[in-house]
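So the structure is just underneath, and the comments pick up after that.
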Amino acid sequence: MTGAGPGPTDAEWAAAVEAVRGLPADARVLLICHVNPDGDALGSMLGFGLGLRRLGVRRLQATFPGPPDVPEPFRWLPGVELLVAQDDAYPDPDLVICFDAAGDSRLGDLVDRLGRAGTSLVLDHHASNTGFGRINLVDPHAAATSVVALGLLDRLGVPLDAEMATGLYVALTTDTGSFRFEATTPAVHEMAARLLATGIRPGDISRRIFDTRPFGAVRLFGEVLGRATLEPAAAAGHGLVWTYATHDDLARHDQPAYVLEALIDSVRCTAEADVSCVVKQSGDAEWAVSLRSKGAVDVSRVAVALGGGGHRFAAGFTGRGPLDEVVGNIRAALGAEVLTPHS
Ligand code: 5GP
Ligand code: MN
């Protein structure tokens with residue numbers, strides 16, 4: 001499941017280039033990404049979209065599943081003007097391009113566009129990608145989907161500019177944890193150097209994306225972190241730390257749900273636990289679960305076992321039922337994962 005494959009073949013790159021280059025002048029192109037879009041999903045999609053604009057694609061839309069609200073930290077991104085609400089997105093585009101989604105279950109109501117589009121192109125870097133596009137550019141060794149997106153822009157001959165680079169840089173810094181994670185290879189720094197050479201300002205970008213939150217969110221984090229639970233015996237002794245946040249918590253501090261995306265970073269620094277987890281209420285009895293590992297446990301396998309996906313060190317799934325049950329299932333899956341030899 002997580003045995004990383006070799007990445008796109010020459011034939012797959014060529015097919016993707018042809019899918020874009022062969023478009024008639026009036027073709028409608030729809031860009032989509034996964035639900036609750038993060039910096040990689042939005043940054044790759046908008047950076048690539050601006051590249052398509054430079055190529056002369058005029059009828060171009062970008063969207064994501066669910067309510068059309070763009071999380072505040074991303075509202076300034078070049079290319080946000082391409083975004084439309086999912087209901088306003090071309091119902092039957094000539095080409096649909098999907099960013100950073102491991103499977104079509106991550107596309108919500110937009111999944112119908114895959115079937116109705118003339119053709120579909122998937123750009124992703126999840127080892128668990130199901131290959132749901134007509135053409136799939138999936139590179140499990142890529143640190144972010146934006147690595148694949150820039151690979152395709154290069155092959156299309158689009159010259160990089162600062163606006164495109166901004167989204168691609170946001171994507172790269174998001175998925176490498178600002179160049180701290182294992183995925184931070186020499187190639188990642190070489191790509192970052194190319195992006196920075198366009199003149200974008202990394203300090204401004206990082207502050208806006210990672211280091212800014214409303215005071216209400218600071219207070220909310222204090223409360224939610226205050227009830228974090230450490231279970232040293234979990235994951236066969238590797239340890240689990242977890243906490244949760246409900247709609248009530250958000251309402252009490254008058255905060256939108258996206259502020260909780262950064263919470264996992266404050267939880268996962270716990271020294272006594274290999275695995276960290278934040279359970280975020282997303283419906284009446286529905287929870288968006290984020291899992292992180294320091295390496296002893298492959299959390300993508302845990303997430304896949306619970307109906308989700310992700311990477312070895314960062315994964316997630318949607319849990320259903322009461323909170324206790326969801327956390328119980330995580331505990332059980334962690335125990336089973338640690339005791340199962342990797343294939
Ligand atoms: P996050 O915890 O930041 O939401 O997600 C971490 C990683 O897990 C990302 O690579 C994300 O794509 C993946 N992931 C999160 N939730 C889900 C889910 O419900 N299903 C799948 N397939 N992947 C998920
Ligand atoms: Mn990603």
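These numbers come from the heavy atoms of this one structure, side chains and all, not from hydrogens, waters or symmetry mates. Here the structure is a predicted model, which is why all the values come from computation and not from measurement. In each ligand, atom 1 is the first atom listed, and ligand 1 is the first ligand listed.
Interface of Gly310 with ligand 1, defined as ligand atoms under 4.0 Å from a residue heavy atom, comprises 8 (O), 13 (C). Those atoms of ligand 1 with a heavy atom of Gly308 less than 4.0 angstrom away are 20 (N), 21 (C), 22 (N). Listed by atom number, the atoms of ligand 1 under 4.0 Å from His311 heavy atoms are 10 (O). Those atoms of ligand 1 with a heavy atom of Thr318 less than 4.0 angstrom away are 19 (O).
For Asp38, every N, O or S atom stays at 2.8 Å or more from the Mn ion (ligand 2). Residue His126 does not count as close to the Mn ion (ligand 2), with no N, O or S atom under 2.8 Å.
At least one heavy atom of Ala315 sits closer than 4.0 Å to an atom of ligand 1.
The single protein non-hydrogen atom nearest to atom 7 (C) of ligand 1 is Ala314 O, 3.5 Å, given as residue, atom name and distance. Ranking the protein heavy atoms by distance from atom 9 (C) of ligand 1 puts His126 NE2, 4.0 Å first. In terms of protein heavy-atom proximity, atom 20 (N) of ligand 1 is nearest to Arg106 CD, 3.3 Å.
In terms of polar-atom proximity, defined here as any N/O pair under 3.5 Å, Asp100 makes no such contact with ligand 1. Taking only nitrogen or oxygen atoms, main chain and side chain alike, Ser290 reaches within less than 3.5 Å of ligand 1. Residue Gly316 has at least one N or O atom closer than 3.5 Å to an N or O atom of ligand 1. Geometrically, ligand 1 and Val289 share no nitrogen or oxygen pair separated by less than 3.5 Å.
Between Asp154 and Arg194 there is a salt bridge, since at least one side-chain N of the basic residue sits less than 4.0 Å from a carboxylate O of the acidic one. Taking the charged nitrogens against the carboxylate oxygens, Arg116 and Asp112 do have a contact shorter than 4.0 Å, which makes a salt bridge. A salt bridge between Arg252 and Glu223 is present, with a side-chain N of the basic residue lying under 4.0 Å from a carboxylate O of the acidic one.
For the pair His126/Asp100, a side-chain contact is recorded, criterion being any heavy-atom separation below 4.5 Å from C-beta on.
Rounding to 10 degrees gives 80° for the angle at the Mn ion (ligand 2) between OD2 of Asp175 and NE2 of His125.
Within 6.0 Å of CZ in Arg207 there are more than 12 heavy atoms belonging to other residues, nucleotides or ligands.
Neither the backbone nor the side chain of His34 has a heavy atom within less than 4.0 Å of ligand 1.
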*Take Glu272 and Val241, measure what side chain to side chain contact (heavy atoms under 4.5 Å, CB included) needs, and give me the verdict at the end.*
CA-CA 8 Å; Glu272 294 85 346; Val241 58; over 6 Å; no
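Taking the six-membered ring wherever Trp is involved, the centroid distance between the rings of Phe48 and Phe99 falls below 6.0 Å.
Side-chain contact of His311 with Asp175: a donor-acceptor pair under 3.5 Å is absent, judged by distance alone. For Asp161 and Thr198, the side-chain atoms include no donor-acceptor pair closer than 3.5 Å.
Minimum-distance N/O/S atom of Asp40 relative to the Mn ion (ligand 2): OD2. Among heteroatoms of the N, O or S kind in Asp100, OD1 lies nearest the Mn ion (ligand 2).
Side chain of Ser290 to backbone of Val278: no donor-acceptor contact under 3.5 angstrom is found. In this structure, His238 contributes its side chain and Val275 its backbone to no donor-acceptor pair below 3.5 Å.
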